[in-house]
Amino acid sequence: MPELPEVETTRRCLEAELAGAAVVSSEVRRSRMLRRQPRPADFADRLAGSTVTGFGRHGKFLVAELDRDLSWVTHLGMSGRIAVARAGAPEAPHTNVVVRFAGGRELRFVDPRTFGFMAVLADDELGSVLGGLGPDALTDLPRSAALELALARRSAPIKALLLDQRIVAGLGNIYADEALHRARIDPRRPGGTLAGAEIGRLRTAIRTTLAAGLRWGGTSLDDLAYLLPDGTAGEYKARLRVYGREDRPCRVCGTPIRRVMLRQRSTHWCPRCQT
DNA sequence: AACGATCCCTGTTGGC
DNA sequence: TGCCAACAGGGATCGT
C-alpha cells in the first residue's frame with residue numbers, strides 16, 4: 001500500500017529524526033533486498049561512515065542524500081515499511097535490513113513480501129533505477145495541456161495509465177481509484193477519450209486526493225503492512241471513498257460501489273457518479 | 001509502441 | 001477444524 005502519501009509521510013518522519021545522522025554499520029538479512037544494487041557489496045561499504053544530509057522522494061521512491069555524492073534509494077514495494085527505533089528494542093518480524101546510526105538509533109526496513117529494495121547508488125548508477133520515472137505527482141504535477149498530450153490516442157483504461165509511473169510518478173491502486181472518483185471519471189474509460197474539462201478535473205482530483213492522504217498520515221489497511229516510522233497507523237482508511245468499499249454506499253449519491261479486476265488490479269468506482 | 005498477462009514473495013482471508 | 005484457492009499497497013519482463 002505504500003503510495004506517494006505513505007512514502008512522503010515516511011520521508012517527513014525520517015527527515016525530522018535522522019537528517020544529519022552518521023551511519024555506523026548496516027546488516028542485510030535477505031540479499032534479495034539488494035537486487036537493484038549493481039554490486040551488492042557496495043551497499044554496506046558505501047553506507048559505513050556516510051552521513052545522511054537529507055531525505056528526498058520521487059514518486060514512491062525514497063531517496064536519502066549521503067555526503068560523498070551517493071544516493072541511498074529505498075522502494076517499499078507492496079508490504080514494505082520503515083521503522084526507527086533504539087538499538088535493542090524489540091524487532092518486528094521480517095526486518096530484512098538494519099542500518100545503525102551513531103547515537104544508538106537504527107533504521108529498520110520491514111518487508112514480508114520482499115517486493116521492496118534498497119540500494120546505495122553513485123550518480124552514474126541512479127538513472128538505471130530512477131531514470132524512467134515521470135514527474136512527481138505531488139511536487140511537479142503536469143499542467144492540463146501536458147496531461148492531455150500524454151493521454152491522447154491512448155486506448156488503455158485511464159486507471160491503468162494513472163498507475164504508469166512513466167506518465168506521473170506516485171499514484172498506486174488506492175489513490176488512483178480515489179482520484180478518479182473525485183474527478184467523476186469511469187476508471188475503464190480509454191485515456192484518449194477524456195475531454196478537456198475532464199482532464200482539468202482529474203488534475204485537481206489528483207492534487208486534492210494526495211493532499212488528503214498526506215494530511216492523515218497515509219492509509220494503513222491493517223496493522224501488518226504500512227505504518228509510520230514510529231509504529232503508529234495512518235488514518236486515511238476511514239476516509240476512503242471507493243477503495244475497499246465494494247457494495248457499500250457511495251458517500252456522494254448512495255449507489256453501491258462496484259469492483260472489477262482491471263489489469264489484474266482490483267478497481268473500485270461508483271457507477272452513478274463516474275462516467 | 002502500446003497493451004495485457006505473468007511472475008516475483010509471504011501472509012491473510014473466505015469458501016467448502 | 002482443516003485445507004486450499006484467491007487476493008493483497010508494486011513493478012519488471014515477456015509475448016502479441
Side-chain angles (χ1 to χ4, degrees), chain A residues 1-10 29-38 57-62 73-82 92-97 109-119 127-134 137 149-179 187-193 209-210 213-214 216-228 233-237 239-240 242-247 259-268:
Chain A
M1 145 195 5
E3 304 180 27
L4 190 152
E6 290 75 36
V7 178
E8 176 63 14
T9 298
T10 298
R29 298 171 186 165
R30 292 200 60 163
S31 58
R32 176 176 150 77
M33 306 306 288
L34 299 188
R35 64 194 181 284
R36 303 295 295 276
Q37 180 85 50
R57 181 192 54 75
H58 189 3
K60 303 172 197 171
F61 286 80
L62 185 64
V73 176
T74 301
H75 196 293
L76 299 175
M78 285 277 250
S79 60
R81 66 183 174 91
I82 299 289
H94 305 289
T95 298
N96 297 337
V97 181
F109 187 10
V110 181
D111 186 8
R113 292 178 74 184
T114 69
F115 287 175
F117 58 83
M118 278 185 167
S128 68
V129 176
L130 301 180
L133 287 181
L149 195 61
L151 302 179
R153 288 180 297 282
R154 299 292 297 265
S155 64
I158 182 61
K159 161 77 180 284
L161 297 173
L162 289 181
L163 294 180
D164 184 343
Q165 305 295 298
R166 295 170 298 186
I167 298 176
V168 170
L171 291 170
N173 206 38
I174 295 176
Y175 294 97
D177 283 2
E178 295 295 302
R188 303 166 298 177
R189 289 261 304 278
T193 68
T209 301
L210 292 176
L214 196 48
W216 296 98
T219 306
S220 295
L221 291 182
D222 56 61
D223 292 343
L224 298 174
Y226 164 78
L227 298 171
L228 277 66
E235 300 293 340
Y236 196 58
K237 178 183 177 183
R239 290 175 166 74
L240 292 172
V242 289
Y243 185 87
R245 299 192 66 247
E246 183 182 16
D247 295 333
R259 180 173 80 99
V260 290
M261 292 304 269
L262 207 58
R263 292 277 200 94
Q264 317 300 112
R265 312 298 300 279
S266 90
T267 296
H268 313 71

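Residue numbering restarts at 1 for every chain, and letters A, B, ... go by the order of the sequence lines. Just so you know, these numbers use all the heavy atoms, side chains as well, and skip hydrogens, waters and symmetry mates.
Remark: the separation of the P atoms in dT1(C) and dG11(B) is 22 Å, to the nearest Å. Here the separation of dA6(C) from dT6(B), taken at their P atoms, is 13 Å to the nearest Å.
Atom CZ of R35(A) has more than 12 neighbouring heavy atoms from other residues, nucleotides or ligands inside a 6.0 Å radius.
Counting any heavy atom pair closer than 4.0 Å across all strands shown, R35(A) reaches no nucleic acid atom. At a threshold of 4.0 angstrom between heavy atoms, the contacts of M33(A) with the nucleic acid are absent. Counting non-hydrogen atoms under 4.0 angstrom, P93(A) reaches nothing in the nucleic acid. Nucleic acid contact class of Y243(A) (heavy atoms, under 4.0 Å, all strands): sugar-phosphate only.
Of the side-chain N and O atoms in H94(A), one or more sit less than 4.0 angstrom from OP1 or OP2 of dG11(B). Contact annotation: S266(A) side-chain N/O to dA8(C) OP1/OP2 distance is under 4.0 Å. Taking side-chain N and O atoms only, R265(A) has a distance below 4.0 Å to OP1 or OP2 of dG10(C). Residue R30(A) places at least one side-chain N or O closer than 4.0 Å to OP1 or OP2 of dT10(B). The phosphate of dC3(B) (OP1 or OP2) has a side-chain N or O of S155(A) nearer than 4.0 angstrom.
Looking at every heavy atom in both residues, L240(A) comes nearest to I174(A) through CD2-CG2, 3.7 Å.
For the pairing with H75(A), the ring pair (Phe, Tyr, Trp, His ring centres under 6.0 Å) check across F117(A), F115(A), F109(A) returns one residue only, F117(A). Considering R188(A), R265(A), K159(A) as possible partners of D177(A), the one that fulfils the salt bridge (charged side-chain N to carboxylate O under 4.0 Å, His left out) test is K159(A).
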Check the pair V242(A) / T267(A) against side chain to side chain contact (heavy atoms under 4.5 Å, CB included), numbers first and verdict last.
CA-CA 9 Å; V242(A) 289; T267(A) 296; over 6 Å; no

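R36(A) has its CZ atom 12 Å from the C1' atom of dT13(C), to the nearest Å. Atom CZ in R32(A) sits roughly 10 Å away from atom C1' in dT10(B) (whole-Å rounding). Straight-line distance from the CE atom of M118(A) to the C1' atom of dG10(C): 16 Å, rounded to whole Å. The interatomic distance linking Q165(A) (CD) with dG10(C) (C1') rounds to 8 Å, in whole Å. L130(A) places its CG atom 14 Å from the C1' atom of dG11(C), with the value rounded to the nearest Å. Atom CG in L163(A) sits about 7 Å away from atom P in dG10(C), given to the nearest Å. Per the geometry, CG belonging to L4(A) stands 16 Å off C1' belonging to dG11(C), to the nearest Å. dG10(C) atom P lies 11 Å from atom CZ of F115(A), rounded to whole Å.
Where Q264(A) and R153(A) meet DNA chain B, the nucleotide closest to each residue was compared, and R153(A) sits on the side nearer the 5' end.
With dC9(B), dC3(B), dG11(C) as the candidates, the nucleotide lying closest to the side chain of T114(A) is dC9(B). When distances are taken from the side chain of H75(A) to each of dG11(C), dG11(B), dA8(C), the shortest belongs to dG11(C). Proximity note for M78(A) (side chain, C-beta onward) versus dG4(B), dG11(B), dA8(C): the nearest is dA8(C).
dC3(C) and dG15(B) make up a base pair, with Watson-Crick or G-U wobble contacts both under 3.5 Å.
R154(A) contributes no side-chain N or O that forms a donor-acceptor pair with the base of dA2(B) under 3.5 Å.
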